[in-house]
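If you read the sequence from its start, that first residue is 1, and numbering goes on from there.
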Amino acid sequence: LLAELLDLKAVGQFAIAYNLPNQILMILASSINLAAYPSIIKILETQGEFAAKQKLENYLILLLAVLLPALLGLQVIAVDLYPLLMGKEFVAISLELLPLANLTVFLFILYVFYVSLAFQLAKSIKPSLGLVAAAALLSLVANIGLIPSFNIEGVFIANSLAYVLCLIGGYMIGTRYFPLPLPLIDILKILLASTLMYLILQMFSIEFMPVVNMLIKIVLGVLCYGFLVYLFNIAQARQKLRIMMAHYLPRCKYLGHLFS
């Protein structure tokens with residue numbers, strides 16, 4: 001469709017701009033899902049729906065706590081990373097499209113790895129099929145309408161609209177079958193911590209080799225975000241850190257007081 005409405009060059013630019021954030025974020029999300037989903041199923045079968053929802057809440061918090069800083073971190077390091085991975089002719093357009101690519105991938109991941117679980121856990125996949133079909137139709141119509149005016153950006157906008165429909169519709173319909181927890185306070189904390197990390201990193205002007213710049217930004221980002229997670233006590237980070245300190249450093253009592 002993109003080739004018909006624009007040209008083959010636009011298809012290549014879209015593919016390159018989309019693939020890198022998609023691969024990075026999908027690897028992170030699928031790894032978390034593969035680790036958590038079997039235990040959610042086991043808890044649902046052995047301990048019931050209430051315990052499974054608690055596990056789902058922890059899973060969503062972990063998923064967002066990893067994806068959001070990774071997404072914003074990629075936005076920061078892309079200027080150093082992209083020239084190492086692609087030809088010069090694709091760097092500028094990929095950097096320009098990165099925010100929309102990140103948004104599109106993030107919305108897709110939220111539906112596939114969280115909202116759609118309501119249908120899977122309830123063993124009722126059929127209700128989701130109509131929703132996916134409606135989203136596909138919306139994507140087609142939106143692409144036809146937006147690509148001529150917005151070029152490649154129109155593809156990302158159209159797909160994002162379709163994923164938003166999946167998220168909202170999936171959550172509303174899925175509630176009838178298996179209500180999913182939505183820990184708003186923790187979500188806001190993660191969003192705030194990730195945004196602050198991004199803003200802090202944007203304040204630094206580092207002028208070394210691209211690889212060195214990228215590594216410095218990654219280290220600063222991890223340290224900054226880790227401190228903010230502790231400060232905001234996301235996912236009870238303080239309590240978990242105290243337990244770890246007590247387990248691994250039982251003789252260092254002053255460290256326990258430091259992190260209390």
Residues pairing under side-chain hydrogen bond (donor to acceptor under 3.5 Å, both in side chains) where one sits in residues 119-135, two or more places apart or in two chains, turn out to be Tyr37-Gln120, Ser116-Gln120
side-chain hydrogen bond (donor to acceptor under 3.5 Å, both in side chains) pairs touching residues 147-159, sequence neighbours excluded, are Ser139-Asn159
Stepwise, does the side chain to side chain contact (heavy atoms under 4.5 Å, CB included) test hold for Ile41 with Leu121? CA-CA 7 Å; Ile41 294 293; Leu121 294 173; 3.4 Å; yes
Sequence neighbours left out, cut at 3.5 Å: what donor-acceptor pairs do the side chains of residues 160-169 make with other protein atoms?
from	atom 1	to	atom 2	distance (Å)
Ser160	OG	Thr104	OG1	3.0
Ser160	OG	Phe156	O	2.8

With a 4.5 Å cut-off on side-chain heavy atoms, are [Y] and [X] touching?
| X | Y | value |
| --- | --- | --- |
| Asp80 | Val211 | no |
| Leu81 | Leu74 | yes |
| Phe106 | Pro21 | no |
| Phe227 | Met197 | no |
| Val132 | Tyr111 | yes |
| Ile40 | Leu56 | yes |

Is there a side chain to side chain contact (heavy atoms under 4.5 Å, CB included) between Leu25 and Phe108? Walk through the geometry before answering. CA-CA 10 Å; Leu25 296 178; Phe108 173 75; over 6 Å; no
Could you see if [X] belongs to whatever hydrophobic cluster contains [Y]? Use Ile, Leu, Val, Met, Phe, Trp, Tyr and a side-chain cutoff under 4.5 Å.
| X | Y | result |
| --- | --- | --- |
| Ile77 | Ile27 | no |
| Leu103 | Tyr114 | yes |
| Val141 | Leu131 | no |
| Leu184 | Leu110 | yes |
| Leu72 | Leu62 | yes |

Does a side-chain N-to-carboxylate-O contact under 4.0 Å join Lys53 and Glu49? yes
So, taking the atom named [atom1] in [X] and the one named [atom2] in [Y], what distance separates them when rounded to the nearest 0.5 Å?
| X | Y | atom1 | atom2 | result |
| --- | --- | --- | --- | --- |
| Leu215 | Leu220 | CG | CG | 11.0 Å |
| Leu68 | Asn102 | CG | CG | 10.5 Å |
| Lys55 | Lys42 | NZ | NZ | 11.0 Å |
| Leu228 | Leu223 | CG | CG | 11.0 Å |
| Leu20 | Ile24 | CG | CD1 | 4.0 Å |
| Asp186 | Gln236 | CG | CD | 8.5 Å |

Criterion side chain to side chain contact (heavy atoms under 4.5 Å, CB included) on Tyr59 and Leu117, from CA distance to verdict: CA-CA 12 Å; Tyr59 163 68; Leu117 297 187; 3.7 Å; yes
Extract all donor-acceptor atom pairs below 3.5 Å that involve side chains of residues 171-183 and protein atoms in other chains or at least two apart in sequence.
from	atom 1	to	atom 2	distance (Å)
Tyr171	OH	Leu180	O	3.2
Thr175	OG1	Tyr171	O	2.6

Side-chain donor-acceptor pairs under 3.5 Å in residues 84-100, sequence neighbours left out?
from	atom 1	to	atom 2	distance (Å)
Ser94	OG	Phe90	O	2.7

For Ala29 and Ile109 the tightest heavy-atom approach is CB-CG2, 3.6 Å
Which pair of non-hydrogen atoms, one from Tyr230 and one from Arg238, has the smallest distance, and what is that distance? O-NE, 3.0 Å
Could you tell me whether a side-chain N or O of [X] sits under 3.5 Å from a main-chain N or O of [Y], the two making a donor and an acceptor?
| X | Y | result |
| --- | --- | --- |
| Arg242 | Ala237 | no |
| Asn143 | Ala158 | no |
| Asn22 | Tyr18 | no |

Can I get a per-line list of side-chain donor-acceptor pairs under 3.5 Å for residues 188-196, giving both atom names and the distance, sequence neighbours left out?
from	atom 1	to	atom 2	distance (Å)
Lys189	NZ	Phe232	O	3.1
Ser194	OG	Ile190	O	2.8
Thr195	OG1	Leu191	O	2.7

